[in-house]
Amino acid sequence: MAGACEVRRVSVIGGGKMGEAVLGGWIAAQEGPARALGAESFGVADPGEERRGYLAERYGVACVPDARELPRADVVVLAVKPQVMMGVLETIRAHEPYAGGEGGPLFVSIAAGLTTERLEAALPEGARLVRVMPNTPLLVGAGATAVCAGAHAAEDDARLVRELFASLGFACEVPEADMDAVCALSGSGPAYVAALVEALRDAAAKHGIAPELGEQLALQTVYGTALLMKETGISAETCRANVCSPGGTTLAALNAMNAAGFASVFGAGVDAAVTRSKELASC
């Protein structure tokens, strides 16, 4: 296998949206360890004929219907749904390109809820594993990804994976105990933001704003606010306070939202997502 900071071949098992985001982002990367990866570096396994055709045409990558047909790789990205992961691992466990221990590939799981302990029990003995919790903005190079290492992974393995995902946005290392909360916050977070845009659009429509325009205004406001906070480094509290004038419209709106349970709604959502992430671990 290539050294810890050198990746020549990557296998992606599962060619769905997240698998596509990873391979597409790494092919396009201009810096970090992913910069050396081209379309010829990738092999993708996906059972869907139409999906394989799309990925092959769009990215120029080799695609096969069965993971057992992929050649040996330096990194194996496990990008199938949590509910089918164990079955996939059982299928490849005894297959030579996936052998564990020294010289074997580095496995990277992006499946929500599945702990490194559970995954390692299903992988070949001694397999090096790094668990990752990304989100869908990886598709446009603006993802948020948390990384934690399994029992057999070296520090360099976790660092390599963090650097690979840093080419797709923001990436950090966290303790595994935090991964369910990360899943609930940034993993599911894009849906919360989209729901907020929907709610603002629909609220404005009641006051005569066309839905198409309302969605554009809401979306640009979310994007611009996030960019403002990121570029200037101001906190969420400061950003909010900077828009609020005493007796003004913004304060009236926030007071009404808080009275309706604004913060508790998000708290309930995150709590529910954490609970479901823990449930997935035992599926």
Side-chain angles (χ1 to χ4, degrees), residues 4 14 17-19 21-22 25 32-34 75-83 85-86 89 106-123 127-139 141-196 226 229-230 233 235-237 239 262-283:
K17 289 295 186 184
M18 295 306 291
V22 170
V75 173
V76 176
V77 179
L78 303 171
V80 298
K81 294 184 182 300
Q83 295 88 338
M85 177 69 80
M86 293 301 112
L89 296 185
L106 172 60
F107 290 90
V108 178
S109 169
I110 64 173
L114 298 182
T115 65
T116 57
E117 181 179 11
R118 186 169 181 211
L119 290 165
E120 285 166 345
L123 285 165
R128 294 152 49 238
L129 169 70
V130 175
R131 179 184 172 191
V132 172
M133 186 66 247
N135 62 12
T136 53
L138 256 66
L139 287 161
T145 301
V147 171
C148 70
H152 306 293
E155 288 185 15
D156 283 349
D157 292 327
R159 184 181 304 113
L160 170 63
V161 174
R162 177 175 53 78
E163 290 175 354
L164 284 168
F165 278 87
S167 67
L168 306 175
F170 171 77
C172 62
E173 291 184 50
V174 301
E176 181 152 32
D178 291 345
M179 288 296 268
D180 290 320
V182 168
C183 175
L185 174 60
S186 54
S188 300
Y192 312 157
V193 175
L196 175 62
M229 293 172 61
K230 189 174 179 63
S235 67
E237 291 79 7
C239 185
F262 183 75
S264 62
V265 165
F266 282 96
V270 170
D271 289 348
V274 168
T275 298
R276 181 55 182 157
S277 181
K278 293 180 185 297
E279 291 172 349
L280 286 172
S282 59
C283 287

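Starting from 1, each residue takes its place in the sequence as its number. Any value given below was found using the heavy atoms of this structure, including those in side chains, with hydrogens, waters and symmetry copies removed.
- By the side chain to side chain contact (heavy atoms under 4.5 Å, CB included) test, Ala191 is found to be paired with no residue, residues two or more places apart in sequence or in another chain being considered.
- Between Tyr192 and Gly269, the closest heavy-atom pair is OH-O, 4.2 Å.
- For the side chain to side chain contact (heavy atoms under 4.5 Å, CB included) test, no residue two or more places apart in sequence or in another chain qualifies with Asp271.
- Across all non-hydrogen atoms, the minimal contact from Ala111 to Met85 is CB-CE, 3.6 Å.
- Around atom CD of Glu117, no more than 12 heavy atoms belonging to other residues, nucleotides or ligands sit under 6.0 Å away.
- Side-chain N or O atoms of Ser186 include one that pairs as donor or acceptor with a backbone N or O of Val182 at under 3.5 Å.
- Contacts classified as salt bridge (charged side-chain N to carboxylate O under 4.0 Å, His left out) and involving residues 129-139 (residues at least two apart or in different chains) are given here: Arg131-Glu176.
- Taking both residues in full, the closest heavy atoms of Gly187 and Asn135 are given as O-CB, 3.9 Å, listed atom of the first, atom of the second, then distance.
- Contact between Val80 and Gly14 at its shortest, heavy atoms only, is CG1-CA, 3.9 Å.
- Taken to the nearest 0.5 Å, the CZ atom of Arg128 stands 12.0 Å off from the CG atom of Leu123.
- Between the OG1 atom in Thr115 and the CD atom in Glu120 there is a gap of 8.5 Å [rounded to 0.5 Å].
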Show the numbers, then the answer: is there a side-chain contact (heavy atoms from CB on, under 4.5 Å) between Thr136 and Met18? CA-CA 7 Å; Thr136 53; Met18 295 306 291; 3.9 Å; yes

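- We find the CG-CG distance between Leu168 and Leu138 to be 4.5 Å, quoted to the nearest 0.5 Å.
- Residue Ala153 comes nearest to Val130 through the heavy atom pair CB-CG2, 4.2 Å, listed as atom of the first residue, atom of the second, then distance.
- Looking at every heavy atom in both residues, Asp180 comes nearest to Ser277 through OD1-OG, 2.5 Å.
- Looking at heavy atoms from C-beta onward, Met86 lies in side-chain contact with Leu119 at the 4.5 angstrom threshold.
- By the 4.5 Å heavy-atom criterion applied to side chains, Leu106 and Val161 are counted as neighbours.
- Note that CG of Leu114 and NZ of Lys81 are 12.5 Å apart. Values are rounded to the nearest 0.5 Å.
- In this structure, the separation between CG on Leu89 and CG on Leu78 is 6.0 Å, given to the nearest 0.5 Å.
- For the atom pair CZ of Arg276 and OG of Ser188, the computed distance is 11.5 Å after rounding to the nearest 0.5 Å.
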